[in-house]
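A, B, ... follow the sequence lines: proteins, then strands. Residue 1 opens every chain. Quick caveat: nothing in here was measured; it's all calculated off a predicted structure.
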Amino acid sequence: MNRAAILWRVASILVAAGLIAAWQLAANLRLVSPVFLPGPDRAWAALVRGFSSGDLAGKLIGTLEHMAYGWLAASIAGIALGALIGSSKMMRAYVAPSLEFLRPLPVSAIIPVAIAMLGLTRGMALFVIAFGAIWPIVLATIHGFAAVEPRLYEVARSLQMSRAAIIGKIALPSALPDILAGMRLSLTVALILSVVCEILAGLDGLGQWVLLSARAFRSADLFAGVILLGATGYLTSIAMSLVEQRLLAWQTAAR
Amino acid sequence: MSIVAMLDEARAARRQKTLIAFNAATLRLGGKTIIENLDLEVRPGEFLCIVGASGCGKTTALRLAAGLYRPTSGAVTFDGEPITEPRREVAIVFQDYGKALLPWRTAAGNISLALEASRVPARERGARIEALLRKVGLPGHADKYPSEMSGGMQQRLQIARCLAQEPTTLLMDEPFGALDAMTRQGLQDEVLSLTHASQTTVIFVTHDLDEAIYLGDRVVGLLPHPGRIGIELDVDLPRPRDQLATREHPEFLRLRRQLFDFIKATEH
Amino acid sequence: MSIVAMLDEARAARRQKTLIAFNAATLRLGGKTIIENLDLEVRPGEFLCIVGASGCGKTTALRLAAGLYRPTSGAVTFDGEPITEPRREVAIVFQDYGKALLPWRTAAGNISLALEASRVPARERGARIEALLRKVGLPGHADKYPSEMSGGMQQRLQIARCLAQEPTTLLMDEPFGALDAMTRQGLQDEVLSLTHASQTTVIFVTHDLDEAIYLGDRVVGLLPHPGRIGIELDVDLPRPRDQLATREHPEFLRLRRQLFDFIKATEH
Amino acid sequence: QAKIQIGCTATSDCASAMVAVDEGIFKKHGLDVEMTPIAINSNIPAAILSNSIQVGGPTSTVFLQAVDGGLDLVAIAGASVMNTTSNTAIAAFVRNGLTIKEPKDFVGKKVGAPGLNAFLHVLFVKWLVEKGVDPKSVNFVEVTFPTMADIIKSGGVDAVLTAEPFVTRMTNAGLGSVGARYGAELGRTDPIIFYAASRDWAEKNAAIVKKFREAIAEAAPIVNSDREKASASIAKFTKQPLELVKATPPNQSEPNLKPENLSWWIDVMSSQKMLQSKLVTAKLVLN
Amino acid sequence: MSLDRARPLLLPLALTLAFELWARLTHLQSDSLAPPSAILAALAAALADLSIPIATRDTLFAAFAGLAIGSAIGLSLGIAFGISRPLDRLMEVTVEAIRPIPSIALLPIALIALGFGYRMEIVIVAFACVWPMLILTRSAVRSIEPRLMEMSRALRLSAPQRIAKIVIPAALPRIFVAFRLSAGIALIVAVTVEIAINPIGLGAGIMLAQQALRADLMLAYLLWIGVIGYALNILLIAAQRRLFGRAALAGDNP
Ligand SMILES: Nc1ncnc2c1ncn2[C@@H]1O[C@H](COP(=O)(O)OP(=O)(O)OP(=O)(O)O)[C@@H](O)[C@H]1O
Ligand SMILES: Nc1ncnc2c1ncn2[C@@H]1O[C@H](COP(=O)(O)OP(=O)(O)OP(=O)(O)O)[C@@H](O)[C@H]1O
Ligand SMILES: [Mg+2]
Ligand SMILES: [Mg+2]
């Protein structure tokens, strides 16, 4: 089992390596101007340079922090909101429509308003990140609640379980696969929005690095940032997978 | 004696006599009348069995008694009050056992759910779960997920969860349908002795006529399209029942034949 | 005669004799041995019944024969070849009928699925679906969704879908478990006449000993922990079987007693 | 009629082209011009390279960084240059409760610039350096023009680098005061924005470039002399309210661009480590 | 009845009123906030002079085209990954590493490769829409009742049949959730691309309004985007009901 997992991971990395080779080839053949698309070799060199002489590490940590806090806030608020709406007719009638109105608002247009209301603070940035990252979780939770096997709700009713107990013991665990998939999505959304916020609201982080590199037409530096984002995405997804494996062990038992 | 007091007394007397009552209960679902004008009274402590052809409305009647459906007209009352919601002292064993278990909880966890609902402290649960699992013949399977259990094991697990509820009334929908003869007989006797000891009221749906007669104080046969009562037999067999003696009792055989003829007649 | 030809002939002869063969089949799941060293041969056209206590491994054995599990060691072969995947000519009736139906299709749609799988043209389907529904006693229920059907009706619907497959081999896992006595007897005879007419091979899991003897050419009793063969009885009862005459046949009663004793002994 | 698209940001710097469109000057010279609004100045080089626009108006900093990064762009005509009016319009605006008396008072302060490493920021850093203040001791963040007032009011930053009409608006709203007129103190006359194209296009379409230059040369004096006309064209193109546009004089248009006009920028940017290669001014401007 | 219909409006109305009051009382002065009355006036004006309707057409065209392409790709990949464990594992690194790349960082490249206009916007919207579709479809396919998959094996359904008759209907409610999510994202990304680069559509309108210091107009655009998203969602849910009827019954109500 364990050895197989490692082998699969290696194979998966080989596939990614193949794609990187294709990228190198595209760069070598100059399919796109090297000013905009550097080869992986140059991007890697820029990455190493960024870590050794620049403050890329600091920027990375900044972005990771924004992502983590924003995502946590989005997860907690998203699950709570989704659970409320999913389990209450009242919330569905009064609150859900307003949310549907907020959902399509682009973060880049929200930021000026958020700045006006909350100031140019970290709190504002986290609010904006959470605002953008909350939707996959909210929708997935609402759906998960709606898709619970009706027989289980009947079991809960016949046990006269309290509403909180029904949510905590029946609906949430049953919706967990949906919620985790939503959280997985919103994790990357949070990462992307951290970068966007750093670009638009001038916070310190990879977003600034990417922005300044793009502005200065230093594409190798820009791709160094992109590589870091990719690596972050991959590592967080491994963490997500581990959590999923633990929490959804019963699902694998069913197979 | 005032009139009010007299009425009160009369009500108390009636209450003594019936726990669950169907009064001209009718249920329409999806444009069809599933149950029509059902009149049925279940006395406290009684063991009532319901039989009938497949699709005649046994499950539906049970769900009415459980409060999972509300009658379209007429009434279903528990202890004199209309049933609007399931009650904690009433436990239900569902026919589709596979769907009524929490797939993300182990066998122990599924039983624990009922204990949690009645606020049994955590440290007492372990022992009670173990006792219940033993009672239904599943000792040592506490850590299995439902998906790792056989059909019969899942069915027994559901029964264990209902017993954990310590109900005063048990509604059982073909609870032994997936069990082999021996396991089934064991559980029949288990249920009989449990309910007898605690004076539990039981409505028991089954398609096994022998089982209905063996267990019941009374057997009701439903007619289909729409569901209504077609036959009602009092079972005058001595208690405690015995798997060999009871089943050979002439009264048993007589009742069996009577029911058999009834069911046969209802078949199209 | 060359050696190759001789071998070929020998193989052909063997094939004649066995359709499905378990050769020392062992299956481990979740760290436990569920089936151990099972040796069993099913001849073409044979009606084999499997009985055993709840949780002894009947379903698992059937799933091995279906190709839904692969043995951890040993082999399960169909027509001489190892089974790696379910085959189209083999139909399976699952024990948990509620889960094996498509909830978004009506009864007719669920049967249609099997017809679509074997590419029956659309205009022929209607008539065949209707015939099949009548066969399992569900005429007029074509437009119902599984969630609007009773347990027994769902079970019969699943059987209808399997018959629609026109299989040469039928694997049935407690297919009549949710049916009342009359409906069940009707379906027993239906299955018997169908399989007899088309020389279908059947492996039939049941917990009802009478049913096993009534239907089977042979009855195998499994022992639990791990699942293996405990008893094997040839049923020498005249065919066609008859619900009254066969069940009163002395041989029937003898076999019944024998099986009963076996099951009783396996209970812990 | 040769068709070209000109991309500019919503400022008054490209006023000469806007006037040339409105007054039919381009048409007179046989050019069919379409003006494309560009959101962010640093997008202009990419837009030129993709041929979405043939001529764009990048700021000196954007242009030089792009060329430094390897994009083969050339300047083909001047658009706007700094002069006394535009220089006095530039200011570091300080929030209430803070007084800045001299340059070194900026040390340790949080200063918002509308674009890091962009025009106002580079100038400010240059000014700090000239006044003997280490720019690293100032904490710069990016603050866009529309959010400046809110951020200054909330105290999110200590000062913003801004220009008219924002200085007047914020002063009138009582949000703070001007801390330094660093534009005026620098007193430069170097180009702010000029028209640029890809070298490839410019060389292949020499005739069009020539007509373009003639048209711009004809329109520029109108911008500088006829504020009515200029404001109308600017308001039309940027969709800004006419009163707002009128309130601030447009930057001075200067159609002539000499290679040596860029050398000051190259020096400043090199000293701020914004350029990595050595740029040859002669190659930057099409002759 | 009429009260029932008004319920969804209650909360936004209350908030709007509160905001208007607050703006009046504090004599709001900001370049990025404006009182609701001013916003509504600006919206009415922009609707009347057709600038919003035209911009809406441009944005929606790009958003829908990108959504269609992106979700088709995401759906097929999601189904493939959900069904085939090996494929999923092989592509894991690639997918998870590409997913977090913010398209905003690659805008200059997209601009240079595709130029201004619909093409660039559609490509970027499609890129963004692939992921929610892929992730949610994959998880939906994985949580299909295993017995149904076994049944489809037993019936020997061909792979396309299995996908069309079992996998998609069973996963449909969840796929629809993913699609609704993607639709929102498509709108967001389209507008973002327009704000950042592309001089067409609602985003460009926001951009210009912002630069013109017309906070009222900027917020009017924002309000309008919200209205579009809201309408889109209602439309999708209605379509879900109509098209799939019972199959999508497990879906959530608006
Ligand atoms: N939700 C529903 N909508 C419409 N019809 C329904 C619904 N539920 C049940 N029925 C119909 O009601 C009738 C009785 O169903 P019920 O489940 O009560 O039968 P049953 O007696 O329990 O049968 P079985 O022994 O097969 O379980 C059936 O004909 C069924 O089709
Ligand atoms: N996926 C699994 N993982 C682990 N153990 C399993 C799994 N499936 C079945 N088992 C175990 O295998 C044994 C046999 O199960 P099986 O379903 O074959 O029983 P059965 O004979 O069909 O019983 P029943 O009559 O109750 O349906 C049981 O003890 C069960 O707990
Ligand atoms: Mg039933
Ligand atoms: Mg079984």
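Two residues are said to be in side-chain contact when any heavy atoms from C-beta on lie closer than 4.5 Å; A/Arg184 and E/Arg138 meet this criterion. By the 4.5 Å heavy-atom criterion applied to side chains, A/Pro106 and E/Ile225 are counted as neighbours. Side chains of A/Val113 and E/Met218 form a contact here, defined as non-hydrogen atoms less than 4.5 Å apart. When side chains are defined from C-beta on, A/Trp8 counts as touching E/Pro86, because their heavy atoms get closer than 4.5 Å.
Pairing each heavy atom of A/Ala16 with each of E/Val93, the nearest pair is CB-CG1, 3.6 Å. Minimum heavy-atom separation, E/Tyr230 to A/Phe101: CD1-N, 4.1 Å. Residues A/Leu105 and E/Gly226 approach most closely at CD2-N, 3.7 Å, considering heavy atoms. Closest approach of E/Pro100 and A/Thr188 over heavy atoms only: CB-CG2, 3.7 Å.
Annotation: the span from A/Met240 atom CE to E/Ile135 atom CD1 amounts to 9.5 Å, rounded to 0.5 Å. Atom CD of E/Glu96 sits about 9.5 Å away from atom OG of A/Ser12, to the nearest 0.5 Å. With rounding to the nearest 0.5 angstrom, the CD1 atom of A/Ile111 is 9.5 Å from the CD1 atom of E/Ile195. Between atom OG of residue E/Ser143 and atom CG of residue A/Asp178 there is a gap of 6.0 Å, rounded to the nearest 0.5 Å. Interatomic distance, NE2 of A/His143 versus CZ of E/Arg180, reported as 10.0 Å (0.5 Å rounding).
For the set E/Leu90, E/Ile98, E/Thr94, the count of heavy-atom pairs under 4.5 angstrom toward chain A peaks at E/Leu90. Contact count versus chain A (heavy atoms, under 4.5 Å) is highest, among E/Arg174, E/Met207, E/Arg147, for E/Arg174. Between chain E and the options A/Ala214, A/Pro177, A/Pro136, the largest number of non-hydrogen pairs under 4.5 Å is found for A/Pro136.
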Check the pair A/Val107, E/Ile188 against side-chain contact (heavy atoms from CB on, under 4.5 Å), reporting the backbone distance first and the verdict last.
CA-CA 8 Å; A/Val107 157; E/Ile188 288 177; 6.0 Å; no

Derivation of the side-chain contact (heavy atoms from CB on, under 4.5 Å) call for A/Arg103 and E/Leu181
CA-CA 9 Å; A/Arg103 191 155 68 83; E/Leu181 196 64; 4.3 Å; yes

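In this structure, chain A has a heavy atom under 4.5 Å from the side chain of E/Ile206, while its backbone stays farther away. Heavy atoms closer than 4.5 Å to chain A are found nowhere in E/Val189, neither backbone nor side chain. Residue E/Leu223 touches chain A through both its backbone and its side chain, counting heavy-atom pairs closer than 4.5 Å. In this structure, the portions of A/Leu185 lying under 4.5 Å from any heavy atom of chain E include both its backbone and its side chain. For A/Leu191, the part sitting under 4.5 Å from any heavy atom of chain E is the side chain, from C-beta outward, and nothing else. With a threshold of 4.5 angstrom between heavy atoms, A/Phe145 does not approach chain E through any atom at all. With a 4.5 angstrom heavy-atom cutoff, A/Val210 touches chain E only via side-chain atoms.
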Check residues 225-237 of chain A and write down every donor-acceptor pair under 3.5 Å in which the side-chain atom is one partner and the other belongs to a residue at least two apart or another chain.
from, atom 1, to, atom 2, distance (Å)
A/Thr232, OG1, A/Leu228, O, 2.7
A/Thr236, OG1, A/Thr232, O, 2.8
A/Thr236, OG1, A/Gly233, O, 2.9
A/Ser237, OG, A/Tyr234, O, 3.4

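Applying the side-chain contact (heavy atoms from CB on, under 4.5 Å) test to E/Ala196 and every residue at least two apart in sequence or in another chain returns E/Leu107.
Taking a 6.0 Å sphere around CH2 of A/Trp44, one finds it holds 12 or fewer heavy atoms contributed by other residues, nucleotides or ligands.
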